[in-house]
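Taking it in order: structure first as structure tokens, then the write-up.
All values derive from a computational prediction rather than experimental measurement. When a ligand or atom number is given, it counts from 1 through the structure's own listing order. Here, residue 1 is the first one in the sequence, and each next residue gets the next number.
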Amino acid sequence: MREQDFEPANYVGQVDEGKVTYRSPSNIALVKYWGKKEHQIPANPSISFTLESCATTTTVSFTKLKSKAKDYSFELSFEGKPKEDFKPKIEVFFNRIEPYLPFLKEYHFIIETSNSFPHSSGIASSASGMSALALCLMHLEMELQPDLTIEYFNQKASFLARLGSGSACRSIEGPLVQWGKHETVGSTDLFGIRYPYKVHPVFQEYHDTILLVDKGQKQVSSTVGHDLMHNHPFAEQRFAQAHENLTKLRTVFENGDVETFIQIVESEALTLHAMMMTSLPYFILMKSNTLEIINTIWAFRKKTGTPVCFTLDAGANVHVLFPKAEKEKVDRFIADELVVFCENGQYICDSVGYGAKKLIDKNE
Ligand code: DP6
């Protein structure tokens with residue numbers, strides 16, 4: 001596929017108005033995307049678990065304008081209230097995707113969005129938010145061009161979501177999605193694909209409990225962080241390592257090799273933060289409680305042999321990953337030993353999910 005393949009042919013349908021709702025999940029990267037080129041092309045391939053509970057629900061109502069407008073015409077609300085400060089981000093997104101959705105200036109859009117997780121949780125909502133919006137817009141394209149295949153629909157939704165936020169392209173399907181060109185997995189830089197090889201049942205039911213260590217605004221945005229990988233002294237080695245880790249994961253996923261999985265996933269999380277600590281300017285997003293949690297997980301794993309591990313996003317929160325069979329034991333461990341390190345004792349229990357869903361309007 002090339003970018004031009006997502007430029008539509010002349011639409012055959014005529015749509016005056018309509019409404020659609022999508023619920024799109026968040027995802028947690030196992031091999032991290034950190035560093036990008038122009039047009040949201042990742043510097044290295046990445047893979048993530050799609051989540052189930054952490055999600056954004058977006059409703060888009062659209063009405064055809066009498067004539068094509070000069071600017072985008074849209075209203076935006078978040079959790080029932082108008083949200084002016086999100087608008088510039090949506091404008092940038094619309095600008096990037098307009099070559100692929102040429103109808104954008106022909107409609108007025110009412111975008112209503114809400115998250116299943118608390119807004120101030122420090123959980124990035126851009127992946128679930130951008131993917132939900134991309135799916136709603138693809139629904140309109142599908143009405144204008146009803147012969148689109150499901151495969152094309154999903155690929156283009158992921159392609160558009162990527163232009164909003166890189167990691168968003170991994171939120172359309174599940175349970176494992178790979179994004180970025182890789183020598184053996186036939187993945188592409190343009191959109192995320194459902195992992196095409198055998199995945200052992202243990203990884204199809206993995207759990208992720210997100211410990212909210214610091215619910216505040218991030219000091220450094222992902223976009224700034226990605227930028228710091230340009231001229232980073234360790235960038236080339238890091239990008240090569242991501243490729244190698246993805247190659248290793250193929251047998252890990254196939255065989256259900258949880259031990260090697262833990263090693264790769266924890267190393268990826270620490271490497272991500274090591275890249276932040278060794279860029280110029282350098283920064284640290286982990287908090288002291290992040291380290292307390294990591295050490296407590298390591299001690300528990302050593303003492304009990306329970307295959308529980310952690311990963312981190314570009315923030316202080318800790319994702320605790322473990323097989324479903326360990327849930328009871330790990331839940332008790334979290335309640336007894338880790339909750340003390342969470343802000344206001346808050347954490348979110350999630351597990352691997354199977355991707356975004358269109359919600360049916362009860363009045364339809
Ligand atoms: C650390 O997708 O948020 O979560 O493309 O600039 O929107 P933009 O960045 P974003 O970066 C996510 C970085 C990460 C790792 C990952 O999800 O792979």
Side-chain angles (χ1 to χ4, degrees), residues 24-51 54 56 86 88-90 92-93 95-97 121-134 158-172 174 176-182 187 189-193 195 208 210 217-230 232 238-239 241-243 245-246 249 264-277 279 283-286 290 310-319 321 350:
S24 193
S26 189
N27 67 71
I28 178 68
L30 305 169
V31 172
K32 308 290 181 181
Y33 147 57
W34 198 243
K36 61 176 160 184
K37 305 176 200 165
E38 239 196 315
H39 306 303
Q40 298 282 103
I41 296 297
N44 65 264
S46 58
I47 193 165
S48 51
F49 273 144
T50 306
L51 296 180
C54 289
T56 298
F86 278 11
K89 213 172 171 188
I90 303 294
V92 170
F93 179 49
N95 257 322
R96 288 184 190 163
I97 64 175
S121 59
I123 296 183
S125 57
S126 61
S128 51
M130 286 297 174
S131 53
L133 181 54
S158 173
F159 171 85
L160 298 173
R162 186 198 101 234
L163 293 170
S165 177
S167 55
C169 79
R170 299 187 312 236
S171 276
I172 307 294
L176 276 169
V177 175
Q178 181 151 329
W179 165 45
K181 208 166 156 36
H182 183 263
S187 48
D189 286 341
L190 298 184
F191 50 84
I193 57 164
Y195 192 66
D208 177 9
I210 308 160
Q217 198 71 23
K218 278 196 269 181
Q219 308 132 288
V220 181
S221 75
S222 293
T223 308
V224 171
H226 287 294
D227 246 9
L228 295 174
M229 287 304 281
H230 293 294
H232 190 292
R238 158 60 198 151
F239 301 147
Q241 179 198 42
H243 281 265
N245 281 340
L246 278 163
L249 278 174
I264 293 171
V265 166
E266 291 191 343
S267 160
E268 276 286 326
L270 295 177
T271 301
L272 169 69
H273 284 257
M275 290 299 113
M276 301 174 191
M277 291 187 224
S279 59
F283 56 101
I284 301 179
L285 294 186
M286 288 188 279
T290 311
F310 72 88
T311 189
L312 306 166
D313 255 342
N317 295 336
V318 182
H319 289 248
L321 300 175
D350 209 336

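Contact annotation: the side chain of Phe283 approaches that of Leu228 to within less than 4.5 Å [non-hydrogen atoms, C-beta and beyond].
Near Ala314, with a cut-off below 4.0 Å to any heavy atom, the atoms of ligand 1 are 1 (C). Short contacts between ligand 1 and Asp313, defined as distances under 4.0 Å to a heavy atom of the residue, involve ligand atoms 4 (O). Here is the list of ligand 1 atoms found below 4.0 Å of a heavy atom in Lys36: 5 (O), 6 (O), 8 (P). Interface of Gln40 with ligand 1, defined as ligand atoms under 4.0 Å from a residue heavy atom, comprises 5 (O).
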Which donor-acceptor pairs under 3.5 Å do the side chains of residues 37-44 make with protein atoms, sequence neighbours left out?
| from | atom 1 | to | atom 2 | distance (Å) |
| --- | --- | --- | --- | --- |
| Gln40 | OE1 | Lys36 | NZ | 2.6 |
| Gln40 | NE2 | Arg162 | O | 2.8 |
| Asn44 | ND2 | Lys32 | O | 3.0 |

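Backbone and side-chain nitrogen or oxygen atoms of Asn27 are examined, and none is located within less than 3.5 angstrom of a nitrogen or oxygen of ligand 1. In terms of polar-atom proximity, defined here as any N/O pair under 3.5 Å, Gly166 does make such a contact with ligand 1. Annotation: Trp34 places no N or O atom under 3.5 Å from an N or O atom of ligand 1; distance criterion only. Inclusion of Lys32 in the set of residues having an N or O under 3.5 Å from an N or O of ligand 1 is not warranted.
In this structure, the separation between OG1 on Thr311 and CG on Asn317 is 12.0 Å, given to the nearest 0.5 Å. Distance check: Leu163 CG to Ser158 OG gives 9.5 Å after rounding to the nearest 0.5 Å. Residue Leu133 holds its CG atom at 5.0 Å from CZ of Phe93, rounded to the nearest 0.5 Å.
The minimum heavy-atom distance between Phe239 and Trp34, with the atom names listed, is CE2-O, 3.5 Å.
Residue Glu268 forms a side-chain contact (heavy atoms from CB on, under 4.5 Å) with just one option from Leu312, Ile47, Val31, Leu30, and that option is Val31.
Contacts between Ala29 and ligand 1 below 4.0 angstrom, taking non-hydrogen atoms only, involve the side chain exclusively. Looking at Leu272 against ligand 1, only its side chain comes within 4.0 Å, counting heavy atoms.
Under a 4.0 angstrom heavy-atom cut-off, Arg170 registers as being in contact with ligand 1.
In this structure, His226 has no side-chain hydrogen bond (donor to acceptor under 3.5 Å, both in side chains) partners at least two apart in sequence or on a different chain.
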